[in-house]
Amino acid sequence: MRIAYRVLAPLGSAASRTIHFLKSAALTLWHWIEGLVRAAANLWRALGPRWLRVCIALAAVVLVAHAKLAAFLKPNLTQETVYRVQYLNGGWSDRERQSYYYTPQGTELLGIEYDWFQNLELPLSQELLASERNMRGWGFVVDPNQRPSPLNPGNLPVGLTRHIDPASGRARLDIGCAACHTGELHYQGTALRVDGGQAMQSIPNAKRGEFITTLGASVFETLLNPAKWNRFATRLVGDDGARREALRTEFWQFAQRLKHFSETAGAPKYYPVEEGRGRTDAIGRIANVVFGYDLKQPENYRPADAPASYPFIWDIWRFDWVQYTGFTNQAMTRNVGESLGVLAPIKLVDDDGEVISGSEFGETTVDLDGMHCVEGLLRKLQPPKWPEDVLGEIDVARARAGKALFTDQCAFCHGPHVSEPYDWQLADGPDARLPGQLALNWQWDMAGEVTRRDGLAYRADWRETMWALPWIATDVVGTDPKLADNFVDNRYDISKLFPGEQPVNAGYGLQLLLNDLVPKLYRQWDIDDAQQVADFDGLNVPFRIENKRAYKSRPLHGVWATPPFLHNGSVPTIYDLLSPLRARPKTFYAGNREFDPNKLGYVTGQSPGSFLMDTSIDGNRNSGHLFTDVDMPGRIGKLLSEEERYAIIEYLKVMGNPEFDSALGGDPMNWASYSPAPARDSTQQACKSVHFSLGIDTGSETGQLLAQETAQ
């Protein structure tokens, strides 16, 4: 016991001293804090009377809240510095290029007026939302020091144009074809413009700081902040009290539509895979808008979780089937369906959700002249040419080696598979049926240029030659199947429009609707004789739908200028695409347009405005289309050495470019050898008509569609 006592006694004494010290230290700290609080309270009381102190406190709270809110609402802008623009595509004059950029197709951003958009300010700022810096930062295409032009009086980015609302007679913001199908590659201060290429904007992205969310915040702050409202209203209507009140009423109505859409067809929960910049689940969004929002049928909303890159569209008029899954064949129905998905208003049901009867059914702002104008312009557009003066000279010897490798490894799928024009069989009566077609409008089929053979009716395709694009099954190519699976498997109830009809996929749903809608639009636009119908349909092609769990394999002229790659943009460079799966980046950042001319892709480091592309997520998978010696799903060719990959890359830079045909020892892909598009005067007339509707006379000197001035 004595030994234990001798051991434990010092320990107990030390513990006691430690506890005493801690208590003393805590008490001292408490007295110090208490004194500090008293001193602060005395200082607070010394600031002045209570009302002043309350005002100071409120001001501090407001300043902190403002700073927090400003940080929360700060635009998510990519930082880009470009000094000049260089155009890569041939085939267009400056006038035709501007016409492509700013011809409307009848879409609306929920009815926002053109001058409203021009005059909106950023949230918690007086800077205009649509400034050059902001719009470029959101990935839109804007020339350095861009100036207004007749077709672009609001000085907006490529693809943001206007049409005249038939009810009010005022201009509404219109998202044209070029907004999604114009690309840029930036290299050392030069913006290499890729007309018809893949856009990198963020229109559908509802992430904080992106275009659409910032627009929404700006709209609601404009209504709620008296100072911001006063500036906005004064710029638009001056001091006229009645006009200001009418403006406020109309602007509130737009804000309510914006809120309603963001809670229904545009709700983020229906788009769980981030689209980011340069991607959208187009078919999923079209289906949600048309079969859910336009029909007021919320049970038709489906997750659109298979984002795809905006496809490049030069030479698309040569294709027998279009869209990533190759599910349709006709230009007009493809374009009308797209415009409805981009919120061209259409009257299908009334406020109670009941189907509208009579002539009012199907009324829409869809602009057939605008669509026909753009479609005709695209038939003249050539693929982009590699700019040796900017990106470096071509190694011809390496390109010749790449040509041989491409022929051996790639041409089997990517062709192009030149074909004689098709004779499209027609439904020639109310009881006619065709294999694979759920619905047919036989009067529309027979309204174009028709021939008969062996008792059957046909439309002879107007093209001299065309490209037959092979469908490659998803389990063969091995790329992410979600886009194709969603198209085949998702079902939408359209019995409200077509009583007794079973739920259908998006393709068949659009077939049923557009078989009625397009002929109705033709009658409204006085498109009635056989040649007109055939021309507006697109080269005398009748409307058909195919449903395949597959992706179409397209020719690759100019593909080097369209990063990132695969349909979902899951592979950042062509070098990575030619590499085995284990070497492909599993994650990378997308949204920066600075170009890598060696590997052919955008740089992938994190930067302001970029989003993280995670290929482990279904819909984002980077599998398939593999060059490997491993027997695995998606293997399409042998493992390529480093030198072979760079040889194919060198060839792709100039593949089909007539200027390199001789140097390559003859190039079977030479696009100068392909048949031209049929010449039709109606395209030019359609362009003139739609421009005239905007108050622009393209035949007069004052109406010249001059290219916008660019700082060189």
Side-chain angles (χ1 to χ4, degrees), residues 76 105 107-110 138-141 157-160 174-183 196-207 210-213 215 261-262 264-293 301-313 316 322-325 327-328 334-335 337-344 479-480 482-487 490 506-507 510 551 562-570 590-591 593 602 609-614 617-621:
N76 185 29
Q105 58 176 343
T107 65
E108 294 186 359
L109 191 57
L110 299 170
W138 281 313
F140 291 92
V141 173
V158 167
L160 297 189
D174 191 302
I175 301 175
C177 176
C180 298
H181 300 289
T182 306
Q198 295 181 181
M200 193 53 73
Q201 40 78 355
S202 65
I203 289 177
N205 190 351
K207 191 175 180 180
E210 293 296 338
F211 167 73
I212 199 66
T213 51
L215 174 68
F261 185 80
S262 70
T264 54
K269 66 181 179 180
Y270 295 122
Y271 310 94
V273 178
E274 184 180 355
E275 290 163 304
R277 298 194 177 186
R279 302 197 309 165
T280 189
D281 188 334
I283 302 306
R285 283 187 175 272
I286 290 171
N288 281 342
V289 169
V290 176
F291 305 129
Y293 185 77
Y301 294 135
R302 299 285 181 270
D305 51 3
S309 296
Y310 300 113
F312 56 99
I313 54 176
I316 197 171
V322 297
Q323 301 284 16
Y324 275 115
T325 59
F327 75 82
T328 191
R334 194 224 71 87
N335 293 334
E338 174 267 331
S339 68
L340 295 177
V342 190
L343 299 176
T479 52
D480 192 304
K482 191 167 246 319
L483 180 68
D485 289 345
N486 285 357
F487 175 74
N490 282 350
L510 288 171
Y551 298 118
T562 65
F565 301 97
L566 294 184
H567 73 275
N568 58 358
S570 61
R593 289 184 285 196
Y602 292 123
S610 61
F611 82 99
L612 181 64
M613 177 69 179
D614 184 351
I617 299 172
D618 285 346
N620 285 351
R621 303 286 181 183

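Remark: Phe261 pairs with Tyr293 by the ring pair (Phe, Tyr, Trp, His ring centres under 6.0 Å) rule, at least two apart or across chains. Residues satisfying the side chain to side chain contact (heavy atoms under 4.5 Å, CB included) criterion with Asp305, sequence neighbours excluded, are Pro272, Val273, Pro303, Lys482, Asn486. Remark: Arg334 engages no residue in a side chain to side chain donor-acceptor pair (under 3.5 Å) (not counting sequence neighbours). The salt bridge (Lys or Arg N to Asp or Glu O under 4.0 Å) check on Arg302 picks up nothing, with sequence neighbours excluded. Residues satisfying the side chain to side chain donor-acceptor pair (under 3.5 Å) test with Asn620, not counting sequence neighbours, are Arg279. With sequence neighbours left out, Thr182 forms a side chain to side chain donor-acceptor pair (under 3.5 Å) with no residue at all. Asn335 pairs by the side chain to side chain donor-acceptor pair (under 3.5 Å) definition with Glu375, not counting sequence neighbours. Listed by chain and number, the residues in a ring pair (Phe, Tyr, Trp, His ring centres under 6.0 Å) with Tyr602 amount to none (sequence neighbours excluded). By the salt bridge (Lys or Arg N to Asp or Glu O under 4.0 Å) test, Asp614 pairs with no residue at all, sequence neighbours left out. Looking at residues two or more places apart in sequence or on another chain, you find a side chain to side chain contact (heavy atoms under 4.5 Å, CB included) between Cys177 and Tyr100, His181, Ile313, Val374. The ring pair (Phe, Tyr, Trp, His ring centres under 6.0 Å) test applied to Phe611 returns no partner, not counting sequence neighbours. Annotation: ring pair (Phe, Tyr, Trp, His ring centres under 6.0 Å) contacts of Tyr270 (sequence neighbours excluded): Tyr301.
Atoms OG and CE, from Ser309 and Met200 in turn, are 7.0 Å apart once rounded to the nearest 0.5 Å. Separation of atoms CG (Asp480) and CD1 (Ile617) is listed at 10.5 Å; rounding is to 0.5 Å. Separating the NE2 atom in His567 from the CG atom in Leu483 is a distance of 5.0 Å, to the nearest 0.5 Å. Considering CD of Gln198 and CZ of Phe312, their distance stands at 7.0 Å, rounded to 0.5 Å.
Between Trp138 and Asn76 the shortest heavy-atom distance is CD1-O, 3.7 Å. Listed here is the closest heavy atom pair of Ala506 and Ala287: CB-CB, 4.2 Å. Across all their heavy atoms, Pro204 and Tyr310 have their closest contact at CD-OH, 3.7 Å.
The shortest distance between side-chain heavy atoms of Ile286 and Leu510 falls below 4.5 Å. The side-chain heavy atoms of Ile212 and Ile203, taken from C-beta on, include no pair separated by under 4.5 Å. The shortest side-chain heavy-atom distance between Pro157 and Val141 does not fall under the 4.5 Å cut-off. A heavy-atom distance below 4.5 Å is found between the side chains of Tyr271 and Asn288. Looking at heavy atoms from C-beta onward, Val289 lies out of side-chain contact with Leu340 at the 4.5 angstrom threshold.
At least one donor-acceptor pair closer than 3.5 Å links the side chain of Thr213 to the backbone N or O of Lys207. When atom types are taken as modelled, the side chain of Asn568 and the backbone of Pro307 share no donor-acceptor pair closer than 3.5 angstrom. Arg593 places a side-chain N or O within donor-acceptor distance of the main-chain N or O of Gly139, the cut-off being under 3.5 Å.
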Working for side chain to side chain contact (heavy atoms under 4.5 Å, CB included), residues Val158 and Gln201:
CA-CA 11 Å; Val158 167; Gln201 40 78 355; over 6 Å; no

So Phe140 and Phe211, ring-ring contact (aromatic ring centres under 6.0 Å, His included) or not? Walk me through it.
CA-CA 10 Å; Phe140 291 92; Phe211 167 73; 5.2 Å; yes

Side chain to side chain contact (heavy atoms under 4.5 Å, CB included) between Ser570 and Met613: does it pass, once the steps are laid out?
CA-CA 7 Å; Ser570 61; Met613 177 69 179; 3.8 Å; yes

Are Glu275 and Asn205 close enough, and set up right, to give a side chain to side chain contact (heavy atoms under 4.5 Å, CB included), and what steps lead you there?
CA-CA 6 Å; Glu275 290 163 304; Asn205 190 351; 5.6 Å; no

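Between Leu160 and the choices Leu109, Asp174, Ile175, the side-chain contact (heavy atoms from CB on, under 4.5 Å) rule is met once, by Ile175.
Side-chain atoms of Glu210 and Ser202 form a donor-acceptor pair, as typed in the model, at a separation below 3.5 Å.
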